[in-house]
Colleague: 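Can you keep this structure in mind? I'll have questions shortly.
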Amino acid sequence: MSVRVRMAPSPTGFLHIGGVRTFLFNWLFARGRDGECLLRIENTDTSREVEESVDQIERSLRWLGIEWGGGTTFQLDRLERAQEEAARLVEAGSAYEDEGAIRIRMPNEGVTGWDDAIKGRIEFPNAQLEDLVILRSDGRPTYNFASPLDDWLDEITHVIRGDDHVSNTPKQIHVLRALGAEPPAYAHVPSVFGEDGRKLSKRHGAVSVDEFRDAGYLPEALMNFLALLGWAPDGETTIMSRDELFERFSLERVGASPATFDYAKLDWMNGVYLRALSAEDYAGRLTTWLREHEYDWPEERVRAAAPLVQEKIGRFAEFPDFAGFLFHDVEPDPALLDRRVLAAAETALSETEPWTAAEIETTLKRLCDELGEKPRTVYLPIRVAVTGSRISPGLYESLELLGRAEALARIQGKSE
RNA sequence: GCCCCCAUCGACUAGCGGCCCAGGUCACAGCCCUUUCAAGGCUGCAGCGCGGGUUCGAAUCCCGCUGGGGGCACCA
């Protein structure tokens with residue numbers, strides 16, 4: 001039997017990064033075994049539905065590269081079928097009407113258990129289970145009825161979901177059995193915490209996929225990072241392409257304990273991916289990111305600046321601060337400007353020919369000798385005058401790209 | 001209150017009874033390289049929550065405790 005899994009978000013808001021990680025596991029699992037991964041929106045509670053959220057969910061998944069087959073489906077698509085099945089259960093005596101709603105009978109003794117692919121054997125005493133409402137008095141199914149019903153009809157083989165569903169599982173197993181269906185395999189993925197050990201939320205930083213995208217992370221870096229949150233192929237390998245990811249992924253190697261989201265490690269990993277990009281690809285992605293974030297800087301210059309920053313910044317969002325001086329004038333801290341050095345630099349650079357990084361380097365090194373100063377003493381004021389900061393891309397390249405006229409104007413302007 | 005789950009460096013993890021006086025990665029510290037910042041190289045810091053067992057031998061198995069998390073809706 002081929003593998004079929006589903007990602008089942010509720011349309012109540014944006015896609016949370018913890019949920020994305022669970023979806024990623026679904027996708028990796030299916031992809032690695034030629035299976036199918038479906039997307040089903042759990043919308044039985046229409047009152048909580050948030051407009052746009054389905055669009056957002058789909059857009060987020062696409063950006064990350066998580067694919068799904070069969071189109072997006074909705075739980076309410078099966079409204080009639082759910083009502084028929086509920087009626088069938090009443091007829092069979094395994095469910096009954098209660099104040100207009102339909103409740104399913106739950107056993108009162110014994111235990112219900114399953115072998116969780118991640119957590120191992122889990123058992124619940126049946127005495128713990130109440131007869132649950134499967135059909136509301138308004139005729140709509142409840143989650144714990146609609147979800148297993150859909151899983152059955154969609155022929156889902158593995159339910160891979162957040163471990164906040166663990167206590168729903170025995171209920172759903174009974175629903176399935178009452179329906180005459182064989183329960184799927186279950187795998188409950190532990191949750192993701194923020195750095196304070198509490199559930200990941202806004203105040204920890206970015207949590208929605210959109211926010212990571214806005215911060216300038218690469219989708220493949222985020223995917224790699226997410227895959228390693230709670231899963232490890234061997235304890236040694238960290239950087240993995242998506243092909244390698246789904247080749248190596250297995251539920252058996254997903255850890256049973258919750259993981260903490262480490263933004264610093266994500267930053268590092270994003271840098272690794274950024275630096276590994278070809279110059280061409282890097283420039284293209286940077287350009288796209290800037291355009292999507294309303295920086296209308298000339299593309300030609302952005303592309304020219306790309307190689308200067310590729311080794312330097314860890315996220316595209318750092319670009320405006322780091323290389324913005326190439327697109328607008330700056331206001332340096334006067335305390336860092338040395339007028340003697342700047343005056344000498346202006347003179348020397350005005351004679352540099354041709355205006356290339358290599359020639360500028362020669363000029364500035366000679367200047368250091370003439371002034372009898374160390375490079376750091378000479379370069380700092382120039383860097384600050386031109387870039388507005390003591391931290392910037394390489395000085396020679398920056399000067400070259402800025403152009404002689406603008407560079408000299410800034411040096412002169414700031415030396416007065 | 002009841003039920004369920006979890007527990008290795010600050011973080012992600014490897015470890016599934018001897019190969020571990022615990023390995024890798026991030027972070028952190030120091031050094032090297034260097035025009036700044038990064039990147040890169042090297043070195044270092046740092047951990048099996050506690051208490052009982054089982055065993056010749058336990059991070060690994062069992063029990064208890066503690067701590068953390070989740071759930072107990074005509075929400076999903």
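What you are looking at is a predicted structure, and each value in this text was computed from that prediction instead of being measured. Chain identifiers are assigned alphabetically (A, B, ...) following the order of the sequence lines, protein sequences preceding nucleic acid strands; residue numbering begins at 1 within each chain.
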Colleague: What nucleotide, of rU35(B), rG71(B), rA76(B), holds the atom closest to the side chain of S167(A)?
Modeller: rG71(B)
Colleague: Given atom OH of Y379(A) and atom C1' of rU36(B), what is their separation to the nearest angstrom?
Modeller: 11 Å
Colleague: Check every strand shown and say whether H165(A) touches a base, only sugar-phosphate, or nothing at a heavy-atom separation below 4.0 Å.
Modeller: base
Colleague: Once you apply a heavy-atom cut-off of 4.0 Å, does K312(A) come out as touching a base, just sugar-phosphate, or nothing?
Modeller: base
Colleague: For a quick test of reading the model: is some side-chain N or O of T260(A) closer than 4.0 Å to OP1 or OP2 of rC12(B)?
Modeller: yes
Colleague: Is a donor on one side and an acceptor on the other found under 3.5 Å between the side chain of N144(A) and the backbone of Q172(A)?
Modeller: no
Colleague: Between the base of rC74(B) and the side chain of T142(A), is there any donor-acceptor pair under 3.5 Å?
Modeller: no
Colleague: Apply the salt bridge (charged side-chain N to carboxylate O under 4.0 Å, His left out) test between D151(A) and each candidate in R78(A), R161(A), R6(A); give the one that qualifies.
Modeller: R6(A)
Colleague: Using a 3.5 Å distance criterion without hydrogens, assess whether the side chain of R31(A) forms a donor-acceptor pair with backbone atoms of L245(A).
Modeller: no
Colleague: Hey, is R88(A) close enough to E91(A) for a salt bridge, meaning N to O under 4.0 Å?
Modeller: no
Colleague: Taking only the side-chain heavy atoms of Q128(A) (C-beta and beyond), determine which of rC12(B), rA76(B), rC2(B) contains the nearest atom.
Modeller: rC2(B)
Colleague: Is the base of rA27(B) touched by the side chain of D262(A) through a donor-acceptor pair closer than 3.5 angstrom?
Modeller: no
Colleague: Heavy-atom nearest nucleotide on RNA chain B for E236(A) versus L229(A): which residue maps closer to 5'?
Modeller: L229(A)
Colleague: I122(A) or F261(A): which one's nearest nucleotide on RNA chain B is closer to the 5' end?
Modeller: I122(A)
Colleague: Among rC74(B), rG69(B), rC6(B), which nucleotide sits nearest the side chain of S257(A)?
Modeller: rC6(B)
